Amino acid sequence: MVTFLIRRLLFMVVTIVFISLISFVLIELPPGSALDAKIQQFRARGLNVTSDVVKGLEERYGVNDPLYKKYWKWASNAVVGDFGQSFFLDQPVNTLIGSRIWFSIGMSTAALLFAWCVAIPVGVYSATHRNTMPDYVITVLQFVGVAIPEFLLAIVLMFIASWYFGVEVGVLFSREYRDAPWSLGKLMDLLSHLWLPVIVIGTHSTSWLTRVMRANLLDVMGQQYVQTARSKGLGERVVIWKHAVRNALHPLIMALGGTLPALISGEVIVSIVLNLPTTGPLYVQALINKDMYLAITFLLFLSVLLVVGNLLADMALAWVDPRVRLE
Amino acid sequence: MVAMTSPAAGTAADLDRDNVIDVRNLQVEFRTSLGVVRAVNGVSFGVARGKTLGIVGESGCGKSVTAFAIMQLVANPGVITGGEIVLRAREKAPVNLLTYDPNGDDMRSVRGRHVGMIFQEPMTALNPCYTIGNQIAEGILLHRTSDPAKADAMALDILTRVGLPSPSRLMTTYPHQLSGGMRQRAMIALALSCEPDLLLADEPTTALDVTTQAQILDVMRELQDDIGMSIMFVTHNLGVVAQMCDEVAVMYLGRVVEQAPVEELFDSPRHPYTRALMRSIPQLGAARKGRLEVIQGSVPGQFTKVPGCAFHPRCPDMIPGLCDVQSPRLLAANDDALVSCFLHHEPDGSARVSDVPTPGRVSPSSSSAIATPPAS
C-alpha cells in the first residue's frame with residue numbers, strides 16, 4: 001500500500017507538470033499580452049507611452065522571451081510557492097488566490113457532501129421501492145435536476161430565497177461579519193449563506209448520483225450474496241445497508257474524481273451569477289485579460305484538485321472493496 | 001384438479017414416517033407484465049429426518065423456486081399463493097412456515113437457524129466485501145451467541161469441519177482469494193454454522209468440476225451424519241442423485257410427478273416422464289447402435305395452461321379422454337413411493353389393477369411398466 005501511494009504521488013507530480021506545460025502553451029497562444037491591456041490603460045489615463053517605454057516594459061516583464069524561458073521563470077518560482085504577479089490587478093497572485101481558494105474548496109466540498117448525503121439514501125429508497133409512486137416522483141425530479149442549467153437554477157433559487165424568505169443573497173457574510181475576525185458567529189453566518197450556492201452547485205451531481213445509486217443497487221440486489229445474507233436470517237435493513245449498498249458504492253466513488261472538476265466548473269458559473277467572492281469570477285476575468293500568471297495558477301490549482309480527488313477516490317475504493325486492494 | 005376425498009389419497013406427508021419438512025400442495029406464481037407464470041403448481045413432498053431427498057427435473061420445472069419458497073425468499077414478482085410447509089425442527093414446535101410473515105422475526109429466526117441454504121454459484125454466493133470469518137460469524141451472532149469471540153471460535157470450528165486447509169488464516173481471507181471449490185466449502189460452512197435441521201442445496205455442484213464435485217458431496221455427507229440434518233438436494237444431474245440421495249422426487253412443470261426411494265426410482269420408474277428421463281441417460285457402451293433417446297416434444301410455454309395431466313402432450317402412454325381432461329393426484333404406489341399418473345391410479349384414487357400396456361419404447365425386455373429394471 002505504501003509503495004502504491006508513493007508511486008501514485010510521483011505520477012501525480014508528473015501529471016501536474018504536464019498540465020502546467022500544456023496550459024502555459026494554451027494561454028500563450030492568442031496574440032497580444034497582458035502588457036497591451038496595461039498600456040491601453042495608461043494611454044486611456046492620458047499618459048504618454050512612448051515606444052521606448054513599451055520596449056522597456058516588455059524587456060522588464062520578458063514578454064518577448066521565448067516560451068521555454070518564460071515557463072522556466074514561472075515554474076522555478078512556483079515550485080517554491082511564488083506564483084508571480086498579476087499584471088492586471090497589480091497584486092501578487094498568492095494573495096489574490098489565497099483569499100478566495102478556501103471558499104471555493106469549501107463550497108465544492110460542501111456541495112460534494114450534500115450530493116452524497118442526499119444521493120445515497122434517496123437512491124437506496126428509489127431502488128428498494130422500485131416502480132412505486134415515490135420512485136416515479138424521484139425519477140422525474142432527477143431528470144429535472146440533471147437537465148436544468150446551473151445559472152438558471154441559481155437565478156430561480158436566488159429569487160425565491162430573497163422574495164419569499166428574505167435571505168440576503170449574493171454575499172457570503174452578513175454586513176456585521178464581513179470584516180470581523182473569525183469567530184463561531186461568523187462561521188454560523190457563513191453557513192447560513194452557504195446553503196444556497198451549495199444546493200445550486202450540488203443539484204446536478206446529486207441527481208446524477210442518485211440515478212447511478214439506484215441502478216447499481218438494483219443490480220446488486222439481484223446478486224446471489226444478497227440472497228445468502230437473507231438466507232442467514234438477517235433483517236432486510238442489514239441486508240441492504242451492510243451487504244448491498246457497500247457493493248453498489250463503487251461507481252459513486254469512482255465518479256468522485258470526475259465530480260470534483262464538474263463541481264468546480266459549476267462553482268464558476270454560480271459564483272458569477274450569485275456574485276460570490278470565490279475563485280470562479282476571478283479566474284474568468286484573468287482568462288479574458290490574458291493575465292497569464294493568475295490564469296495559469298488557477299489552472300494549476302484546479303488540476304491539483306482533480307488529481308488529488310482521483311487519488312482520494314482510489315484510496316476510498318480500496319477501503320470499501322478488498323478486491324482492489326494491492327498487497 | 002379433481003376434488004375427491006378417497007382414503008387412498010395422500011402425499012408424502014401421509015407416508016408413515018418422521019419428516020423434517022412436509023410441503024403440501026405448494027403454489028407459487030410469478031405475476032409478470034406478460035401474464036401469470038405458475039412456476040410451482042401444487043408441489044407436495046416430504047424430507048425424512050436425517051435423509052437426503054433429491055429433487056430432479058428439467059430447467060424451469062420449479063425445483064429452485066420450491067427451495068426458495070421454503071425459505072419464503074421467492075424473488076419478486078414471485079408470490080406464494082397456497083399450500084403449506086410444515087417444519088418439524090428439533091428445538092421448535094411443528095409449524096406451518098407459510099403462517100409466518102416473510103419479512104417477520106419468526107421467519108428470520110428459521111432462516112439460517114433451522115433451515116440453511118447453499119447455492120449453485122459459489123463464485124457469487126459470498127459477499128466480496130467481507131471476510132469469510134465475518135460472513136460466517138454474522139449468522140452465528142444472530143442465532144447462537146452474542147459474544148463475538150465465541151462466534152469467531154464457532155466459525156473457525158465449522159471451517160475446520162468442512163475440510164478447508166489452514167482455517168484460521170481463512171477467517172481473515174476474502175472470497176476472491178479462494179477457488180470455486182473452496183468457496184463452496186466456505187458456503188457450506190456458512191449454511192451449517194448454526195447446525196440446521198434441513199439444508200436446502202440448490203444445485204451446489206453444478207458449477208464445479210467433477211473432482212471438486214465429489215469432494216463437496218463427501219463433505220456434505222460427512223456433516224450430514226455429524227449434525228444429523230436432512231438435505232433437500234436440487235439438481236438435474238441424475239448421477240449426483242444416485243450417489244447422494246436416499247429418495248428422489250421428480251418434478252415436471254411445477255408438480256411432483258413421482259417420489260420414490262432412489263434404487264426403486266432407478267430400477268423401476270413408475271411415471272412415464274421418469275421412465276423417459278432414465279432412457280435418455282447416455283450409457284457407456286450401450287449407445288453404439290442407435291441415437292440417444294429423447295423425450296418427444298418440448299416443454300410447453302410458461303404462460304400456457306395444459307389441461308389434464310401436464311405431461312400428457314408428450315406422454316407415449318397417454319389415455320385419451322382421461323389424461324387430457326383430468327389431473328392425476330400424487331398417490332401412494334406402495335409403502336414408500338408415490339406417483340401421480342392415471343396409469344397407476346384410477347381417477348377415483350384406487351390402484352389400477354391391470355398391468356399398463358407399454359408401447360415398445362421401453363427396453364424390449366420389459367413386459368411390465370413397473371417391475372422390470374432397465375438393463376444397465
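Just so we're clear, the structure is a prediction, and the values are computed from it rather than from any experiment. Labels below follow one simple rule: chain letters A, B, ... track the order of the sequence lines, proteins then strands, and each chain is numbered from 1.
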Checklist entry - Which is it for A:K242 and B:N134 under the side-chain contact (heavy atoms from CB on, under 4.5 Å) test, yes or no, and what are the steps along the way? => result CA-CA 12 Å; A:K242 181 177 173 190; B:N134 180 316; 3.1 Å; yes
Checklist outcome for this item: When every non-hydrogen atom of A:S231 is compared with those of B:M117, the smallest separation belongs to CB-CB, 4.2 Å
Item to check | Contacting moiety of B:L142, where chain A heavy atoms sit under 4.5 Å | outcome: side chain
Checklist entry - Do A:R230's NZ or CZ and the ring of B:F68 fall within the cation-pi criteria of under 6.0 Å and 45°? => result no
Checklist entry - If you draw a 6.0 Å radius around NZ in B:K92, do more than 12 non-hydrogen atoms from other residues or ligands fall strictly inside? => result yes
Next on the checklist: I'd like to know if the side chain of A:K232 and the backbone of B:A191 have a donor-acceptor N/O pair within less than 3.5 Å.
Outcome noted: no
Item to check | Side-chain donor-acceptor pair present, B:E138, A:H243, cut-off under 3.5 Å | outcome: yes
Next on the checklist: Heavy-atom cut-off 4.5 Å, strictly under: side chain, backbone, both or neither for B:Q135 against chain A?
Outcome noted: both
Checklist outcome for this item: Cut-off 4.5 Å, heavy atoms of chain B, and the answer for A:V226 is neither
Checklist outcome for this item: To the nearest 0.5 Å, atom CD of A:Q227 lies from atom OG1 of B:T124 at 11.0 Å
Next on the checklist: Does atom CZ (A:R130) have a neighbourhood of more than 12 heavy atoms from anything else shown, all under 6.0 Å?
Outcome noted: no
Next on the checklist: Can you confirm whether A:W319 is buried at CH2, in the sense that more than 12 heavy atoms of other residues, nucleotides or ligands lie under 6.0 Å from that atom?
Outcome noted: no
Item to check | CH2/A:W195: more than 12 non-hydrogen atoms of other groups inside 6.0 Å | outcome: yes
Next on the checklist: I'd like to know which of B:G112, B:P128, B:G139, B:A75 tops the heavy-atom pair count under 4.5 Å against chain A.
Outcome noted: B:P128
Next on the checklist: Is it the case that atom CZ in B:R90 sees more than 12 heavy atoms from other parts of the structure closer than 6.0 Å?
Outcome noted: yes
Item to check | Residue part contacting chain A, namely of B:M187, when any heavy atom lies under 4.5 Å | outcome: side chain
Next on the checklist: Heavy-atom cut-off 4.5 Å, strictly under: side chain, backbone, both or neither for B:L190 against chain A?
Outcome noted: side chain
Next on the checklist: Between A:P322 and B:Y130, is there a side-chain heavy-atom distance shorter than 4.5 Å?
Outcome noted: no
Item to check | Heavy-atom pair count under 4.5 Å with chain A, highest-scoring of B:E121, B:R108, B:M123, B:R113 | outcome: B:R108
Checklist entry - In terms of heavy-atom pairs under 4.5 Å, which option from A:G222, A:A229, A:G235, A:A244 contacts chain B the most? => result A:G235
Next on the checklist: Does any part of the side chain of B:C129, heavy atoms only, come nearer than 4.5 Å to the side chain of A:R246, both counted from C-beta?
Outcome noted: yes
Item to check | Result of checking A:T228, A:N247, A:V220 against B:N127 for side chain to side chain contact (heavy atoms under 4.5 Å, CB included) | outcome: A:N247
